[in-house]
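In what follows, a single structure is set out as structure tokens and then discussed.
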Amino acid sequence: MKALKIFARIFFTIFFIVLIFVIVLILSYTLSSPDTTIGSDSRNLITGPWTEIVSSEDEDTAMKFYFSQDGTFQIVQGDDEIASGYFKIDEDSSKIKLLMLPFVNNYTDYFSKYVKYKVLAEISFSELEVTLDDDDEIIEGEEPTVSFLIRTNDGTDEANVYECQMNEVTVDLYGSEYDLTNSAS
């Protein structure tokens, strides 16, 4: 009987440590919001929807990446949502870390090859070029572009690269002349 009590105590201790770790992980994604400092990669990525540059015949299957100001993301292929959840942008390593909750079906079977540990995925970005005018509008002929790279997590090291372009600005950051991280009160 004493061995059973010791086993139960060890089991519940490990269970609560894992539970606290999972709660901290989930809250770090769900409560984070991207940096809105003028000129930061985070602000440039959340400014509008990113659409894969494809020929006119392939527009029905083009990938679209939506990163919102409140820290949520959505990836759509054609008209079908293939992943959604929460994101964090790591500007030092040029990566976007995604958190998808599996019990609410936040990703499809197509996207599952990119997911590790049933909840996490990662998108690398490069060649981010964004120049907006003083009113946060896209300058005609200078549409913002970025390359997204998504690697599979099944051990094959396959990767898909999506060359994307932003055709419209959808995020209102309350005036581009304000650095929101410094003037928040």
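Values below: every heavy atom of this structure, side chains too, minus hydrogens, waters and symmetry copies.
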If we count only N and O atoms by modelled type, under 3.5 Å, do the side chains of [X] and [Y] hold a donor and an acceptor together?
X      : Y      : result
Asn160 : Tyr114 : yes
Gln165 : Asn167 : yes
Glu158 : Thr152 : no
Ser93  : Asp90  : yes
Glu81  : Ser84  : yes

Any side-chain heavy-atom pair from [X] and [Y] closer than 4.5 angstrom?
X      : Y      : answer
Met166 : Thr47  : yes
Tyr107 : Ile82  : no
Val18  : Phe21  : no
Ser94  : Ser124 : no
Phe125 : Leu45  : yes
Ser147 : Glu163 : yes
Met100 : Val119 : no
Ser40  : Glu91  : yes

Taking atom [atom1] of [X] and atom [atom2] of [Y], what is their separation to the nearest 0.5 Å?
X      : Y      : atom1 : atom2 : value
Leu149 : Ile96  : CG    : CD1   : 11.0 Å
Lys88  : Glu122 : NZ    : CD    : 11.0 Å
Thr72  : Ile46  : OG1   : CD1   : 10.5 Å
Asp92  : Asp41  : CG    : CG    : 9.5 Å
Ile123 : Ile150 : CD1   : CD1   : 4.5 Å
Ser112 : Lys118 : OG    : NZ    : 8.0 Å

Give the cluster check for [X] versus [Y]: same hydrophobic cluster or not, with ILVMFWY residues linked at side-chain heavy-atom distances below 4.5 Å.
X      : Y      : answer
Phe148 : Ile53  : no
Ile23  : Ile17  : no
Tyr110 : Val115 : yes
Tyr66  : Leu98  : no
Val76  : Tyr86  : no

Shortest non-hydrogen contact from [X] toward [Y]:
X     : Y      : answer
Thr61 : Glu52  : O-OE1, 4.4 Å
Gly85 : Asn106 : CA-ND2, 3.6 Å
Gly71 : Pro34  : N-CD, 3.9 Å
Val54 : Ala62  : CG2-CB, 3.8 Å

Next on the checklist: Does Lys97, at its NZ atom, have more than 12 non-hydrogen atoms belonging to other residues, nucleotides or ligands within less than 6.0 Å?
Outcome noted: no

Next on the checklist: Quick one, Ile75 with Phe111, criterion side chain to side chain contact (heavy atoms under 4.5 Å, CB included). Give me CA distance, side-chain angles, the key distance, then yes/no.
Outcome noted: CA-CA 10 Å; Ile75 301 174; Phe111 196 77; 3.9 Å; yes

Next on the checklist: Below 30° counts as parallel, above 60° as perpendicular, anything between as tilted: where do the rings of Phe67 and Phe65 land?
Outcome noted: parallel

Checklist entry - Taking the inter-plane angle between the rings of Phe7 and Phe11 on a 0 to 90° scale, is it parallel (under 30°), tilted (30 to 60°) or perpendicular (over 60°)? => result parallel

Next on the checklist: For Phe12 and Ile14: C-alpha separation, side-chain torsions, deciding distance, then whether side chain to side chain contact (heavy atoms under 4.5 Å, CB included) applies.
Outcome noted: CA-CA 5 Å; Phe12 284 118; Ile14 293 172; over 6 Å; no

Next on the checklist: Applying the side-chain contact (heavy atoms from CB on, under 4.5 Å) criterion to Asn44, which one of Val146, Thr131, Leu128 satisfies it?
Outcome noted: Leu128

